[in-house]
Peer 1: 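The structure is given below, and queries will be raised subsequently.
All values below come from the heavy atoms of this structure, side chains included, with hydrogens, waters and symmetry mates left out. Below, chains carry the letters A, B, ... as their sequence lines are ordered, and counting in each starts from 1.
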Amino acid sequence: MQRLADTDRERSTTESEQIIFDSLRWLGIDWDEGPGVGGPYGPYTQMERLPLYREHAERLVREGRAYRCWCTREELQGQREALKAKDPKAEFRYPGTCRDRRDEPAGPSVVRFRTPTAGALTYRDMVFGEVTTPNSAQQDFVLLRSDGIPLYNFGAVVDDVTMDISIVARGRDHMVNTPPQIMIYEALGARVPGFAHLPMMLNQKGAKLSKRDGAVGVFEYRDLGYAPDAVLNYLVRFGWSHGDQEVFSKAELVQAFNWEACGRGDGKFDAKKFLAIDHEHLKSARLVPDDEYARRTVPFLHARGRTSATEEAVKRALYMIRERATTFADAALRLDFVFRDAPEVDPEAARKFLGAEGAARLAGLVLALDGLDGSAWTEPALEACMSAFLAEKGLEIKDVAQAARVALTGKTASPGLFQVMWVLGRDATLARLRAGVELGQRA
RNA sequence: GGCCCCGUCGUCUAGCGGUUAGGACACUGGCCUCUCACGUCGGUAACACGGGUUCAAGUCCCGUCGGGGUCGCCA
């Protein structure tokens with residue numbers, strides 16, 4: 001179920017909502033009921049559920065569990081500042097001005113919860129265990145704003161109750177909301193759901209992650225070329241463990257996840273570890289099948305200007321970069337040379353490997369390779385042909401490999417030579433090698 | 001400051017009274033090798049500190065220190 005907390009009219013926009021929905025979908029997290037989809041517990045956006053909150057708030061007022069408060073925001077703010085001026089360390093609490101008020105003045109009012117003044121509240125957190133908070137730590141918090149829009153704690157609880165929610169799982173920063181929420185469940189006479197709080201992911205400095213900490217949104221990793229399952233894997237495995245296993249498919253995650261194995265200590269985000277997990281996924285055809293790999297890589301190739309790249313062609317070339325590429329964007333970078341008419345030769349690489357001597361050897365190689373016809377253009381045949389050529393010339397593969405690599409790919413680092421030749425095909429291979437020979441002769 | 005939570009290598013973590021404290025990432029030495037990777041063998045590196053309890057404590061209890069969360073008519 002997807003439920004939207006859109007009661008903050010400032011922050012909740014169509015764009016922000018869209019980002020939430022799209023991020024979740026991209027991660028492969030879907031829902032059966034929700035905004036736009038409908039379902040038996042709708043409506044699913046809080047702004048469409050306003051009558052429900054009002055109804056529950058009125059009931060609590062009627063039963064004496066809550067009361068109306070006519071104190072204005074300005075009055076409260078004034079009191080807050082006055083206290084702060086007197087004692088900077090003091091904590092401002094609503095003084096209970098309207099708690100026992102009998103009259104009902106005109107003008108806007110909020111609904112406040114009547115919190116117990118003594119005692120303590122204990123609940124059993126599914127990951128932290130027993131947590132006890134003195135009721136004195138609570139104040140008469142607001143349930144419903146003067147405009148009838150509920151505050152988070154109230155809206156969430158009314159929704160949980162009316163939507164039969166069984167487990168509330170969220171970040172540890174919500175732990176302080178739990179006691180007031182439980183008070184509301186109980187005042188409403190509702191079953192209290194299970195609560196599971198999860199440790200937080202902090203930045204490298206150990207503070208709450210924010211936009212200033214670089215890439216923190218799901219979409220940023222999508223754009224960086226991460227695999228959705230790898231993102232999910234890193235996120236879920238963060239603060240949860242399953243023995244020594246750390247690479248999981250989405251299905252395995254769903255199967256293995258449990259609250260008991262969740263850790264309690266906060267952790268720091270580690271970009272390198274995250275990348276390594278993505279690399280593990282991209283290396284595995286089980287985790288990222290060829291079709292998906294090609295489908296996700298093509299857009300990155302197009303973005304690089306390699307518009308001739310097709311899924312079919314990428315799928316065929318993929319095997320030679322499987323172990324090397326850490327992201328789909330990286331895969332596009334490594335496959336780039338395949339989809340160019342001619343490789344973009346790195347001048348430094350050419351200077352080093354494509355001199356007169358390199359050209360001469362390449363020329364010999366071209367001659368040898370030219371003897372292979374199209375139907376014999378296979379990796380083993382290519383390798384055998386190379387061996388014969390080397391034997392005849394009394395050379396070692398070291399002596400020609402780099403020159404050939406630069407001529408074929410433009411770079412000094414690439415997939416295996418014979419893989420490159422096979423992927424490029426006979427015509428492109430010979431053409432590039434000949435171009436390399438010319439380049440070397442001119443040098 | 002009040003209230004709540006946390007504390008094993010740099011990082012993510014295993015450990016649930018008796019372990020040479022394990023794995024992964026990162027770093028690093030070797031091997032493999034046509035380059036880069038992959039793979040593989042090895043290395044550096046941790047129980048915050050102090051008291052208890054116990055024959056025995058990373059594991060249980062208390063305290064100290066350190067870190068984090070939260071104190072709104074935000075979520």
Peer 1: Rounding to an integer number of angstrom, what distance separates B:A21 and B:U28 when you compare their P atoms?
Peer 2: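 These two P atoms come out 27 Å apart once rounded.
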
Peer 1: Counting only side-chain heavy atoms from C-beta out, which of B:G23, B:C25, B:G69 sits nearest to A:Arg237?
Peer 2: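 The nucleotide sitting nearest to the side chain is B:G23.
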
Peer 1: Between B:A14 and A:Ser241, is there an OP1 or OP2 to side-chain N/O distance shorter than 4.0 Å?
Peer 2: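 Checking B:A14 against A:Ser241, a side-chain N or O does come within under 4.0 Å of OP1 or OP2.
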
Peer 1: Can you identify which nucleotide, out of B:G22, B:U13, B:C73, has its nearest atom closest to the A:Arg112 side chain?
Peer 2: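 Output: B:C73.
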
Peer 1: Which residues in residues 49-58 of chain A have at least one heavy atom lying under 4.0 Å from any atom of RNA chain B?
Peer 2: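 Listed by number, there are none.
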
Peer 1: For A:Leu202 and B:G7, give me the distance from atom CG to atom C1', rounded to whole Å.
Peer 2: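 So the CG-C1' distance, A:Leu202 to B:G7, works out to 13 Å.
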
Peer 1: Between A:Tyr226 and A:Tyr234 (judged by ring centroids, cut-off 6.0 Å), do the two rings come close enough to count as a pair?
Peer 2: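 A:Tyr226 vs A:Tyr234: aromatic centres not under 6.0 Å.
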
Peer 1: Got a sec: does the CD of A:Gln255 have more than 12 other heavy atoms crowding it under 6.0 Å?
Peer 2: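 No, the 6.0 Å shell around CD holds no more than 12 heavy atoms from other groups.
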
Peer 1: Going by an N to O cut-off under 4.0 Å, is there a salt bridge joining A:Asp125 and A:Arg172?
Peer 2: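 Looking at A:Asp125 and A:Arg172, the cut-off is not met.
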
Peer 1: Give me the residues of residues 147-163 of chain A where at least one heavy atom lies under 4.0 Å from an atom of RNA chain B, by number, or none.
Peer 2: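 Those residues whose heavy atoms fall under 4.0 Å from RNA chain B, taken from residues 147-163 of chain A in numerical order, are A:Pro150, A:Leu151, A:Tyr152.
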
Peer 1: Short of 4.0 Å, heavy atom to strand atom, which residues of residues 265-274 of chain A count as contacting RNA chain B?
Peer 2: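 Output list: A:Gly265, A:Asp266, A:Gly267, A:Lys268, A:Asp270, A:Lys272, A:Lys273.
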
Peer 1: With the side chain of A:Asp173 defined as its heavy atoms from C-beta on, choose the nearest nucleotide among B:U13, B:U70, B:A75.
Peer 2: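 Ranking B:U13, B:U70, B:A75 by closest atom to the A:Asp173 side chain puts B:U70 first.
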
Peer 1: Return a single string for nucleotides 43-49 of chain B, one symbol per nucleotide in 5' to 3' order, where B is base contact, S is sugar-phosphate-only contact and - is none, cutoff 4.0 angstrom on heavy atoms.
Peer 2: -------

Peer 1: Counting distance only, does the side-chain N/O of A:Arg432 pair as donor-acceptor with the main-chain N or O of A:Thr409 below 3.5 Å?
Peer 2: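 Side chain of A:Arg432 to backbone of A:Thr409: no pair is present.
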
Peer 1: Nearest-Å distance, CD (A:Glu280) to C1' (B:C25)?
Peer 2: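 The answer, rounded to whole Å, is 10 Å.
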
Peer 1: Return the nucleotide paired to B:A14: Watson-Crick means purine N1 to pyrimidine N3 with N6-O4 or O6-N4, wobble means G-U with N1-O2 and O6-N3, both under 3.5 Å.
Peer 2: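 Per the H-bond distance test, none.
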
Peer 1: Is it the case that more than 12 heavy atoms not belonging to A:Glu17 sit under 6.0 Å from its CD atom?
Peer 2: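 Counting neighbours around CD of A:Glu17, more than 12 heavy atoms of other residues, nucleotides or ligands fall under 6.0 Å, so yes.
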
Peer 1: Please compare A:Met200 and A:Gln139 by the position of their nearest nucleotide in RNA chain B and report the one closer to 5'.
Peer 2: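 The residue closer to the strand's 5' end, by nearest nucleotide, is A:Met200.
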
Peer 1: Does the cation-pi check pass for A:Arg316 over A:Trp422, that is, NZ or CZ under 6.0 Å from the six-membered ring centre and within 45° of its axis?
Peer 2: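 Yes - A:Arg316 lies over the ring of A:Trp422, closer than 6.0 Å to its centre and within 45° of its axis.
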
Peer 1: With both distances kept under 3.5 Å, what pairs with B:G39, Watson-Crick or G-U wobble?
Peer 2: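 Partner of B:G39: B:C31.
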
Peer 1: Examine the side chains of A:Tyr67 and A:Asp140 and answer whether a donor and an acceptor come within less than 3.5 Å of each other.
Peer 2: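 A pair is found: one side chain offers a donor N or O, the other an acceptor, under 3.5 Å apart.
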
Peer 1: Ignoring the backbone of A:Glu91, work out which of B:G2, B:G68, B:C4 is nearest its side chain.
Peer 2: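 Closest nucleotide to the A:Glu91 side chain: B:G2.
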
Peer 1: Let's test this: given Watson-Crick or G-U wobble pairing with both distances under 3.5 Å, identify the partner of B:C71.
Peer 2: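 Checking every strand shown, B:C71 finds its partner in B:G1, with both distances under 3.5 Å.
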
Peer 1: Is the aromatic ring centre of A:His174 closer than 5.5 Å to the centre of the six-membered base ring of B:A75, with the two planes inclined by less than 30°?
Peer 2: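 Whether judged by distance or by angle, A:His174 passes, so it stacks on the base of B:A75.
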
Peer 1: Just checking A:Ser136: base, sugar-phosphate only, or nothing, at a heavy-atom cut-off of under 4.0 Å?
Peer 2: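 Contact class for A:Ser136: none.
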
Peer 1: Tell me, with the steps shown, if A:Phe328 and A:Phe300 meet ring-ring contact (aromatic ring centres under 6.0 Å, His included).
Peer 2: CA-CA 7 Å; A:Phe328 295 121; A:Phe300 288 99; 7.1 Å; no

Peer 1: Please state whether the phosphate of B:U70, meaning OP1 or OP2, lies under 4.0 angstrom from any side-chain nitrogen or oxygen of A:Lys208.
Peer 2: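 Answer yes for this pair, as a side-chain N or O of A:Lys208 is under 4.0 Å from OP1 or OP2.
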
Peer 1: Do the side chains of A:Arg59 and A:Glu55 get close enough for a salt bridge, i.e. N-O under 4.0 angstrom?
Peer 2: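 No, no charged N to carboxylate O under 4.0 Å.
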
Peer 1: Report the base-pairing partner of B:G50 (Watson-Crick or G-U wobble, both distances below 3.5 angstrom), or none.
Peer 2: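 WC or wobble partner is B:C62.
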
Peer 1: A quick test of your reading: do over 12 heavy atoms of other residues, nucleotides or ligands sit less than 6.0 Å from NZ of A:Lys283?
Peer 2: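 Atom NZ in A:Lys283 is packed in, count exceeds 12.
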
Peer 1: What is the distance, rounded to the nearest whole Å, between atom CZ of A:Arg170 and atom P of B:U70?
Peer 2: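 Checked: the CZ to P distance equals 13 Å.
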
Peer 1: For RNA chain B, determine which residues of residues 384-393 of chain A have any heavy atom closer than 4.0 angstrom to one of its atoms, and list them numerically.
Peer 2: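 By residue number: none to list.
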
Peer 1: Counting only side-chain N and O atoms of A:Arg80, is one of them less than 4.0 Å from OP1 or OP2 of B:C73?
Peer 2: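 Yes.
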
Peer 1: Are A:Glu104 and A:Trp70 side-chain neighbours, meaning at least one heavy-atom pair lies under 4.5 Å?
Peer 2: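 The answer is yes, as the side chains (C-beta and beyond) meet within the 4.5 Å cut-off.
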
Peer 1: Looking only at side-chain N and O atoms, does A:Glu75 offer a donor or acceptor that is under 3.5 Å from a partner on A:Gln79?
Peer 2: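 Distance-only check fails for A:Gln79 and A:Glu75.
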
Peer 1: Of the nucleotides B:C3, B:C73, B:G23, which has the atom closest to the A:Glu246 side chain?
Peer 2: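 Selected nucleotide (nearest to the side chain): B:G23.
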
Peer 1: Less than 3.5 Å apart, any donor N or O on the side chain of A:Thr178 or A:His197 sitting next to an acceptor on the other?
Peer 2: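 Short answer, yes.
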
Peer 1: Regarding A:Ser146, tell me which of base, sugar-phosphate or nothing describes its non-hydrogen contacts under 4.0 Å with the strands shown.
Peer 2: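 Base contact.
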
Peer 1: Roughly, in whole Å, what's the span from CE in A:Met201 to C1' in B:C6?
Peer 2: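 So the CE-C1' distance, A:Met201 to B:C6, works out to 17 Å.
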
Peer 1: With a 4.5 Å limit on heavy-atom distance, are the side chains of A:Leu417 and A:Met386 in contact?
Peer 2: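 When only atoms from C-beta onward are counted, A:Met386 and A:Leu417 do touch, with a gap below 4.5 Å.
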
Peer 1: Ring centroids only, cut at 6.0 angstrom: are A:Phe248 and A:Trp240 within range, meaning strictly under it?
Peer 2: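 Yes, they do, as the ring centres are separated by less than 6.0 Å.
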
Peer 1: Does A:Arg112 count as lying over the ring of A:Tyr94, i.e. NZ or CZ under 6.0 Å from the six-ring centre, within 45 degrees of the axis?
Peer 2: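 Ring-cation test returns yes.
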
Peer 1: Would you say that A:Asn177 contacts A:Tyr152 through its side chain, given a criterion of any heavy-atom pair below 4.5 Å between the two side chains?
Peer 2: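 Yes. Closest side-chain heavy atoms under 4.5 Å.
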
Peer 1: Scan side-chain atoms only and decide if A:Asp229 and A:His281 contain a donor-acceptor pair under the 3.5 Å cut-off.
Peer 2: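 No - no donor-acceptor pair under 3.5 Å links their side chains.
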
Peer 1: In Watson-Crick or G-U wobble terms, both distances under 3.5 Å, what is the partner of B:A57?
Peer 2: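 Because no pair has both required distances under 3.5 Å, B:A57 counts as unpaired.
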
Peer 1: Would you mind checking if A:Lys393 and A:Asp399 are paired as a salt bridge, meaning a charged N to carboxylate O distance below 4.0 Å?
Peer 2: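 Not counted as a salt bridge, because no side-chain N and carboxylate O are separated by less than 4.0 Å.
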
Peer 1: Could you state the CG-C1' distance from A:Asn233 to B:C25, rounded to the nearest angstrom?
Peer 2: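 Rounded to the whole Å, the gap is 13 Å.
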
Peer 1: Give every pair of a protein N or O atom and an N or O atom of nucleotides 29-35 of chain B that lie under 3.5 Å apart, one pair per line with the distance.
Peer 2:
residue, atom, partner, partner atom, Å
B:C34, O2', A:Arg405, NH2, 3.3
B:C34, O2, A:Arg405, NH2, 2.2
B:C34, N3, A:Leu417, N, 3.2
B:U35, O4', A:Gln402, OE1, 3.2
B:U35, O2', A:Thr412, O, 2.8
B:U35, N1, A:Arg405, NH2, 3.3
B:U35, O2, A:Ser414, N, 2.6
B:U35, O2, A:Ser414, O, 2.9
B:U35, N3, A:Arg405, NH1, 3.2
B:U35, N3, A:Ser414, O, 2.5
B:U35, O4, A:Gly416, N, 3.4

Peer 1: Please give, in whole Å, the distance from B:G69 P to A:Leu209 CG?
Peer 2: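 The distance from CG of A:Leu209 to P of B:G69 comes to 11 Å, rounded to the nearest Å.
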
Peer 1: Need one value for A:Thr72: base, sugar-phosphate or nothing, where a base atom within 4.0 Å counts as base even if backbone is also close, heavy atoms only.
Peer 2: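 Base contact.
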
Peer 1: With nearest nucleotide decided by heavy atoms, which residue, A:Lys283 or A:Leu144, maps closer to the 5′ end of RNA chain B?
Peer 2: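 Result of the comparison: A:Lys283.
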
Peer 1: Does CZ belonging to A:Arg9 count more than 12 external heavy atoms closer than 6.0 Å?
Peer 2: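 Yes, enclosed.
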
Peer 1: Distance check needed: B:G72 P versus A:Gln79 CD, whole Å only.
Peer 2: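 Those two atoms, CD and P, are 13 Å apart.
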
Peer 1: Return the value, rounded to whole Å, for the distance between atom NE2 of A:His279 and atom P of B:C36.
Peer 2: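 To the nearest whole Å, that distance equals 15 Å.
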
Peer 1: Do A:Arg49 and A:Asp6 sit within salt-bridge range, that is, some charged N less than 4.0 Å from a carboxylate O?
Peer 2: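 No salt bridge links A:Arg49 with A:Asp6.
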
